[in-house]
Amino acid sequence: MKVLEMRRCLGPNIYPEVPDGGWGWVVAAAFFLVEASTYGVIKTLGIFLQDLMEEFGESNSRVSWVISICAFVMTFSAPLATMLSNRFGFRPVVMMGGFLTCLGTITSAFTSSIKEMYITIGLISGFGYCLSFLPTVTILAQYFCRRRSLVTSVASSGESFAVFAFAPVFSRLKEDIGWRYCLIIMGVIQASIISCGLLLRPIVIEPETVQGAESKTDSASQSDYELENEKTCTSVDSALSRGSEDSGVPLSEEDMGLEEEKAKEELERPLPPPPSPTSGKDGSFLPDSEAGPLKPRSPKLLDFSVLRDGAFIWYSLFGLFATLGFFAPQLYVTELSKSRGVPLTASSCMLSVMAVAEIFGRLSIGVVLNRVRCRKTVVLLGCVVLLCLVLVAFTVVWEFWGLVVCCALYGFFLGTVASTHIPMLAEEDVVGIQKMSSCVGVYVFIQSFAGLAGPPLGGVLVDVTENYGAAFYSCAAGMGLSAVCLALVGVAKSGMWQRRSRQEQTDVEQEEKLSGCSDDSDFLELDFGPQNGPVPAGKDLQESSVI
């Protein structure tokens with residue numbers, strides 16, 4: 001009994017439709033903690049930038065490669081994480097990711113060179129981040145439909161809460177215990193991902209209409225059979241009459257019973273169901289089929305067919321360029337504040353200002369997208385344009401309150417973009433929920449190259465110009481290009497819909513032509529005479545068949 005209870009608790013959740021809640025709230029809480037332990041930690045590592053430079057005697061660009069390699073591995077290995085999730089399930093993949101994340105962060109505290117940190121934080125933790133984050137956000141999108149944008153935005157605020165809490169706490173701790181012990185504490189906190197993986201119960205949708213559809217099929221087959229009998233003037237009585245009175249040979253009571261049983265068996269035998277017009281080429285039922293039960297297709301391990309979709313290509317380019325502005329500002333804003341005369345204690349609070357504003361941004365965009373009537377990509381485009389303008393403002397502001405306003409605006413609009421750009425794949429404006437689990441790995445993989453180039457590019461500009469504000473130029477340029485690519489997503493999607501509607505119209509016209517060519521000349525009508533009256537002998541051949 002205990003084994004059965006454990007399987008019931010840890011097994012998949014079966015719902016007749018997308019629950020928009022239920023166990024999905026537990027998954028949302030798990031995603032909150034995963035966000036705090038992955039992206040929250042990555043963005044907090046900027047407070048150790050100066051300590052690593054002094055410890056290993058390295059430049060800005062070489063130290064920033066730690067964050068770059070971590071972000072690159074996290075996104076570059078996304079296709080592998082997708083394949084592993086589709087093959088082994090979300091739960092074991094996330095638990096393995098939590099172990100690797102914890103291992104990489106703790107071992108980085110014992111490194112003796114920056115190159116060793118490239119391996120510990122860059123490779124090991126980076127791969128663990130990917131295995132933890134990507135499956136969690138994918139399964140969360142499957143538990144919600146109408147509230148998907150709102151729940152995802154709220155759950156993703158764990159990243160912002162982590163930055164808000166970690167930045168001042170670890171800035172204070174590193175002065176007392178050093179940056180190495182701070183990394184050990186971070187690694188222990190990241191071990192919570194393993195327990196979060198246990199909560200990711202898979203979801204199975206089994207519509208209740210399956211049994212109803214089967215009964216409808218049986219009743220339809222029976223009614224069709226009776227209609228055919230009515231047209232041909234046959235019934236159980238007519239079958240008996242053909243066996244007795246039509247032949248002119250009287251049957252015994254035993255023979256009458258056998259004939260009656262045979263006739264009833266013929267009536268009760270259902271006709272074979274016709275092939276569903278909505279079935280796919282491979283014989284699997286499509287989601288909108290109403291002719292029978294929904295049979296889920298076996299998911300592809302990785303779907304590269306989306307690269308033929310113009311809307312997905314433009315959306316992937318948007319993610320590629322937008323990633324340039326996701327990591328560099330958090331990495332350099334503290335040093336930018338100190339270089340412009342802001343005290344050290346106030347400079348360390350800039351990340352907290354960003355984090356608080358990012359929380360409001362994530363919550364706000366969730367409410368807006370849950371109520372908006374237009375395309376959700378249009379709302380996202382407006383947020384990207386405003387984020388680009390804020391990044392430009394960082395390069396011209398010098399006083400304390402100006403930097404505070406820029407950090408608040410940047411955090412707000414970053415929250416709107418960062419919390420929606422991956423879940424937006426589930427919307428019909430991009431690819432849809434059916435393809436999200438297999439194409440999200442491809443999308444994040446394309447992002448990986450910008451994640452690798454973003455922080456080092458900003459570090460090179462800082463080393464060349466000796467101005468931390470120069471790092472924000474590359475971020476603003478990348479965000480501007482991403483806005484252009486996102487604007488082209490709607491154009492490509494509209495063109496694809498027009499081609500699809502023209503193709504459907506052509507198919508309908510061809511079906512009408514084919515149906516117009518068919519006639520009822522080969523219909524065979526059989527009239528076996530009245531059901532109750534006897535058929536006179538010798539006339540059965542004349543009156544029994546009329547063509």
Side-chain angles (χ1 to χ4, degrees), residues 1-34 81-96 131-132 134-152 154-155 194-218 273 276 278-280 282-301 303 423 425-428 431-441:
M1 294 296 295
K2 293 183 178 180
V3 176
L4 294 177
E5 291 179 359
M6 286 295 295
R7 289 182 178 178
R8 191 177 298 110
C9 295
L10 299 179
N13 284 316
I14 301 176
Y15 295 97
E17 59 183 5
V18 179
D20 254 343
W23 192 259
W25 298 115
V26 180
V27 178
F31 182 60
F32 180 91
L33 296 176
V34 170
T82 301
M83 293 176 63
L84 292 175
S85 299
N86 291 335
R87 176 64 179 85
F88 301 104
F90 297 104
R91 181 178 295 153
V93 174
V94 174
M95 294 176 66
M96 177 58 68
L131 296 182
S132 304
L134 203 59
T136 310
V137 69
T138 302
I139 194 173
L140 179 62
Q142 296 176 0
Y143 269 94
F144 292 89
C145 179
R146 183 174 55 87
R147 302 174 179 173
R148 182 185 299 130
S149 300
L150 178 61
V151 173
T152 305
V154 174
I194 300 176
S195 59
C196 292
L198 287 173
L199 302 176
L200 302 182
R201 297 175 63 180
I203 180 173
V204 177
I205 305 297
E206 290 186 357
E208 293 180 348
T209 57
V210 172
Q211 296 179 354
E214 292 177 354
S215 60
K216 288 180 180 179
T217 304
D218 295 340
S276 172
T278 55
S279 60
D282 55 351
S284 58
F285 288 91
L286 298 182
D288 56 349
S289 174
E290 298 179 357
L294 293 176
K295 297 180 180 180
R297 298 173 178 174
S298 57
K300 296 181 180 179
L301 294 181
D303 188 9
L425 290 169
E427 303 295 333
E428 293 299 329
V431 296
I433 188 62
Q434 297 294 335
K435 294 184 178 180
M436 180 186 177
S437 60
S438 56
C439 75
V440 65

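Note that the structure is predicted; figures quoted are calculated from it, not measured.
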State which residues pass ring pair (Phe, Tyr, Trp, His ring centres under 6.0 Å) with [X]; sequence neighbours excluded, sorted by chain then number.
X: Tyr15; result: none
X: Phe31; result: Phe133
X: Tyr143; result: none

ask   = Would Val27 and Leu200 count as a side-chain contact (heavy atoms from CB on, under 4.5 Å) if you check the C-alpha gap in whole Å, the side-chain angles of each, and the deciding distance to 0.1 Å?
value = CA-CA 6 Å; Val27 178; Leu200 302 182; 3.9 Å; yes

Under the side chain to side chain contact (heavy atoms under 4.5 Å, CB included) test, residues paired with Pro423 that sit two or more places apart = Val137, Thr152

ask   = Can you list the residues that meet the side chain to side chain contact (heavy atoms under 4.5 Å, CB included) rule with Leu33, with sequence neighbours excluded?
value = Cys196

ask   = Are Arg91 and Pro202 side-chain neighbours, meaning at least one heavy-atom pair lies under 4.5 Å?
value = yes

Which heavy atom in [X] sits nearest to a heavy atom in [Y], and how many Å separate them?
X: Val94; Y: Gly197; result: CG1-CA, 3.7 Å
X: Ala155; Y: Ala28; result: CB-O, 3.5 Å
X: Ile203; Y: Pro19; result: CD1-CD, 3.7 Å
X: Asp20; Y: Cys145; result: OD1-N, 2.7 Å

Distance from [X] atom [atom1] to [Y] atom [atom2], nearest 0.5 Å?
X: Leu84; Y: Phe90; atom1: CG; atom2: CZ; result: 11.5 Å
X: Phe88; Y: Met96; atom1: CZ; atom2: CE; result: 10.5 Å
X: Leu150; Y: Arg148; atom1: CG; atom2: CZ; result: 12.5 Å

query = Where do Trp25 and Val151 land on the side-chain contact (heavy atoms from CB on, under 4.5 Å) test, with the steps shown first?
reply = CA-CA 9 Å; Trp25 298 115; Val151 173; 3.8 Å; yes

key: side-chain contact (heavy atoms from CB on, under 4.5 Å) between Thr136 and Leu140, intermediate numbers included   = CA-CA 6 Å; Thr136 310; Leu140 179 62; 5.7 Å; no

